[in-house]
Novice: 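Structure below; questions to follow.
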Amino acid sequence: MKTVILDGYTANPGDLSWQGLESLGSVTVYDRTLPGETVARAADADIVLTNKVIISSEVMAQLPRLRYIGVLATGYNVVDIEAAHKRGIIVTNVPAYSTESVAQMVFAHLLTVTNRTEHYAVQNRNGRWTANPDFSYWDFPHMELAGKTFGIVGLGNIGLRVAQIAIAFGMKVKAVTSKTADALPPGIEKAERTEVLAAADVLSLHCPLTDSTRHFINADTLKQMKPTAILINTGRGPLVDDQAVANALAEGRLAAFCADVLTDEPPHTDNPLLKQPNAFITPHIAWASKEARIRLIQIATDNVGAFLNGKPVNVV
């Protein structure tokens, strides 16, 4: 059984091992694969693992040996699921491996805005505090989180974990969710979208990307938010209209935007958010802690093993 990993570098740039997969059969790992290289590289593969390389219906039609596609991520929009089903190809994903890491990143971003620790660390390496006439100084107003309202859009694994942390900070949590109110843990209030937008001091996006959630944050929804609000997106880039958010920041209608994902990745040089001083952008790394990547590779390996044993799991 031959396995080809089309873009293994981000999951394992060399600090981890593919040994578990290698114990199940022949494995060829490519760091990256360009669209025009996919068919040639996967031509003899029974199993293909992909993170961001697109496996379209046209690609599948040229891979007669292909029996299994494993997505090295939770989202599986890179695979034409309908075409795979028609061809009898099993597709799996890796759910819930990065919950703790992504939730942690949400608050790393939030505390960057509220406390600016990186700013002061840089300032003081350059002698700012030693030259200060007073024992203390600050360049930005600091915000205490306790008592503030934390709005969450989407209460899956990550959204629920973020809510728990917000509650631990003493924040009031309001959520836009398909779950019923009586199914929510204590401390989380189910609310309509307009209420959450209007009330949130912090708004964090954790919903799937669908036709109905694309540009969930746009010029109209931004008008419903407080100008002092902090918006955080660690979900999917297109949940946000980049230009609308950049305009709101430039015009003082939004206090800060924190994002680990953007519409295009890597972003184009003319992305309007990159030049906004109150936009705090990280390069899609919330999932990438070593602990999360170990879980990712282990679950992906277990998925392949289950498939080979005739009892596939995490099938999408």
Side-chain angles (χ1 to χ4, degrees), residues 3-13 15-18 20-21 27 29-35 38 41-42 45 47-56 59-60 66 68-85 89-106 154 156-159 161-162 205-210 213-214 233-239 259-267 282-307 312-316:
T3 296
V4 170
I5 303 172
L6 292 171
D7 52 345
Y9 184 83
T10 50
N12 178 14
D15 58 340
L16 303 178
S17 171
W18 298 108
L21 272 174
V27 178
V29 182
Y30 296 98
D31 284 347
R32 302 167 190 85
T33 294
L34 297 173
T38 303
R41 289 183 171 184
I47 295 170
V48 165
L49 301 187
T50 178
N51 189 329
K52 295 293 186 248
V53 176
I54 293 173
I55 309 297
S56 64
V59 167
M60 292 179 213
L66 186 61
Y68 174 97
I69 301 169
V71 182
L72 293 169
T74 302
Y76 45 85
N77 57 302
V78 296
V79 178
D80 186 328
I81 301 298
E82 183 179 355
H85 289 170
I89 298 170
I90 297 293
V91 182
T92 67
N93 72 336
V94 182
Y97 74 94
S98 64
T99 299
E100 297 295 337
S101 292
V102 176
Q104 180 175 312
M105 180 62 82
V106 169
N157 292 317
I158 295 172
R161 188 69 182 113
V162 168
L205 306 180
H206 299 286
C207 55
L209 177 63
T210 65
T213 62
R214 184 176 295 274
N233 185 16
T234 57
R236 294 288 183 267
L239 295 173
D260 188 56
V261 289
L262 290 176
T263 299
D264 296 303
E265 296 177 350
T282 49
H284 205 144
I285 55 172
W287 67 281
S289 69
K290 188 170 185 177
E291 293 84 353
R293 290 184 293 109
I294 288 171
R295 285 191 293 271
L296 171 68
I297 290 174
Q298 185 59 59
I299 296 170
T301 300
D302 292 344
N303 286 350
V304 172
F307 164 72
V313 295
N314 294 321
V315 176
V316 296

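Residues: numbered from 1 along the sequence shown. Here the structure is a predicted model, which means the values were calculated and not measured.
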Novice: For a quick test of reading the model, state the closest non-hydrogen atom pair linking Val94 to Asn303 and the distance between them.
Specialist: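 Where Val94 meets Asn303 most closely, the heavy atoms are CG2-ND2, 4.2 Å.
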Novice: Starting at OG of Ser289, measure out to CE of Met105 and round the result to the nearest 0.5 Å.
Specialist: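 Between Ser289 OG and Met105 CE, I get 9.5 Å after rounding to 0.5 Å.
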Novice: Closest heavy-atom contact between Leu49 and Thr3?
Specialist: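 Shortest heavy-atom contact: CG-CG2, 4.3 Å.
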Novice: For Glu82, does the CD atom sit with more than 12 other heavy atoms under 6.0 Å from it, leaving out its own atoms?
Specialist: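 Open: at most 12 neighbouring heavy atoms sit under 6.0 Å from CD of Glu82.
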Novice: Any idea how Phe307 and Tyr68 line up, ring-wise: parallel (<30°), tilted (30 to 60°), or perpendicular (>60°)?
Specialist: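 Plane angle between 30° and 60°, so tilted.
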Novice: Taking Arg161 for its side chain and Thr99 for its backbone only, find out whether a donor-acceptor pair lies under 3.5 Å.
Specialist: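 Not a single qualifying donor-acceptor pair exists.
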Novice: Could you measure the distance from the CG atom of Asp7 to the CG atom of Asp31? Nearest 0.5 Å is fine.
Specialist: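 So the gap between those two atoms works out to 9.5 Å.
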Novice: Under the side-chain contact (heavy atoms from CB on, under 4.5 Å) criterion, do Thr92 and Val316 qualify, and how do the steps go?
Specialist: CA-CA 5 Å; Thr92 67; Val316 296; 6.0 Å; no
Novice: How many angstroms lie between OH in Tyr30 and OG1 in Thr50, if you round to the nearest 0.5 Å?
Specialist: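 These two atoms lie 13.5 Å from each other.
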Novice: If you define the side chain from C-beta out and look only at heavy atoms, does anything of Val79 sit under 4.5 Å from Val71?
Specialist: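 Yes, side chains in contact.
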Novice: If we only count heavy atoms from C-beta on, is the Leu296 to Trp287 side-chain gap below 4.5 Å?
Specialist: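 Yes, close enough: below the 4.5 Å cut-off.
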Novice: Do side-chain atoms of Thr213 reach the backbone of Pro208 as a donor and acceptor pair under 3.5 angstrom?
Specialist: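 Side chain of Thr213 to backbone of Pro208: a pair is present.
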Novice: Are the side chains of His206 and Val106 in contact, using a 4.5 Å heavy-atom criterion?
Specialist: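 Yes, close enough: below the 4.5 Å cut-off.
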Novice: Is Arg32 close to Thr10 at the side-chain level, that is, under 4.5 Å between some pair of heavy atoms?
Specialist: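 No, every pair of side-chain atoms sits at 4.5 Å or beyond.
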Novice: State, with a plain yes or no, whether a side-chain heavy atom of Glu291 is found less than 4.5 Å away from one of Ile294.
Specialist: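 No, too far: nothing below the 4.5 Å cut-off.
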Novice: So does Ala259 get a backbone contact from the side chain of Asn233, meaning a donor-acceptor N/O pair under 3.5 Å?
Specialist: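 Checking the backbone N and O of Ala259 against the side chain of Asn233, no donor-acceptor pair under 3.5 Å is found.
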Novice: What's the separation between atom CD1 in Ile69 and atom CD1 in Ile55, rounded to the nearest 0.5 Å?
Specialist: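 Here the rounded value is 5.5 Å.
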Novice: How close do Ala45 and Val4 get, heavy atom to heavy atom, and via which atoms?
Specialist: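 Reported closest heavy-atom pair: CB-CG2, 3.7 Å.
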Novice: Could you walk me through whether Val29 and Val27 satisfy the side-chain contact (heavy atoms from CB on, under 4.5 Å) test, starting with their C-alpha distance in whole Å, then the side-chain angles of each, then the deciding distance to 0.1 Å, before giving a yes or no?
Specialist: CA-CA 6 Å; Val29 182; Val27 178; 3.8 Å; yes
Novice: Taking all non-hydrogen atoms of both residues into account, name the closest pair between Asn51 and Ala73 and its distance.
Specialist: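 Shortest heavy-atom contact: OD1-CB, 4.1 Å.
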Novice: With no hydrogens and no angle check, is any side-chain donor or acceptor of Ser98 less than 3.5 Å from a backbone partner on Ser101?
Specialist: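 Absent.
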Novice: So, the side chain of Asp80 versus the backbone of Ala83: is there a donor-acceptor pair under 3.5 Å, distance only?
Specialist: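 Side chain of Asp80 to backbone of Ala83, a donor-acceptor pair under 3.5 Å: yes, one is there.
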Novice: Would a distance-only check, ignoring hydrogens and angles, find a side-chain to backbone donor-acceptor pair under 3.5 Å from Arg214 to Pro238?
Specialist: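 Side chain of Arg214 to backbone of Pro238, a donor-acceptor pair under 3.5 Å: no, none is there.
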Novice: Can you check whether Ile54 reaches Val59 side chain to side chain, under 4.5 Å on heavy atoms?
Specialist: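 Heavy-atom side-chain distance check fails, nothing below 4.5 Å.
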Novice: Within this structure, what is the CG-NZ distance for the pair Leu6 and Lys52, rounded to the nearest 0.5 Å?
Specialist: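 Answer for the CG-NZ pair, Leu6 versus Lys52, is 13.5 Å.
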Novice: Say you draw a straight line from CG of Leu21 to OG1 of Thr301; how long is it, rounded to the nearest 0.5 Å?
Specialist: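 Separation between the atoms: 3.5 Å.
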Novice: Side chains of Asp260 and Thr282: is there a donor and an acceptor less than 3.5 Å apart?
Specialist: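 Note: Asp260 and Thr282 side chains meet the donor-acceptor criterion.
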Novice: Do Thr234 and Val261 come close enough that some side-chain heavy atom pair is under 4.5 Å?
Specialist: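 No, their side chains stay 4.5 Å or more apart.
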Novice: Contact between Tyr97 and Gln298 at the side-chain level, heavy atoms closer than 4.5 Å - yes or no?
Specialist: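 When only atoms from C-beta onward are counted, Gln298 and Tyr97 do not touch, as no gap falls below 4.5 Å.
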Novice: Restricting to non-hydrogen atoms, name the atom on Val91 and the atom on Ala84 that form the minimum distance, rounded to 0.1 Å.
Specialist: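 So the two residues come closest at CG2-CB, 3.6 Å.
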Novice: How far apart are the closest heavy atoms of Ala96 and Asn157, and which atoms are they?
Specialist: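 Nearest heavy atoms, Ala96 then Asn157: CB-ND2, 3.6 Å.
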Novice: More than 12 heavy atoms of other residues, nucleotides or ligands under 6.0 Å from CZ of Arg236: is that the case?
Specialist: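 Not buried by this count: 12 neighbours or fewer within 6.0 Å.
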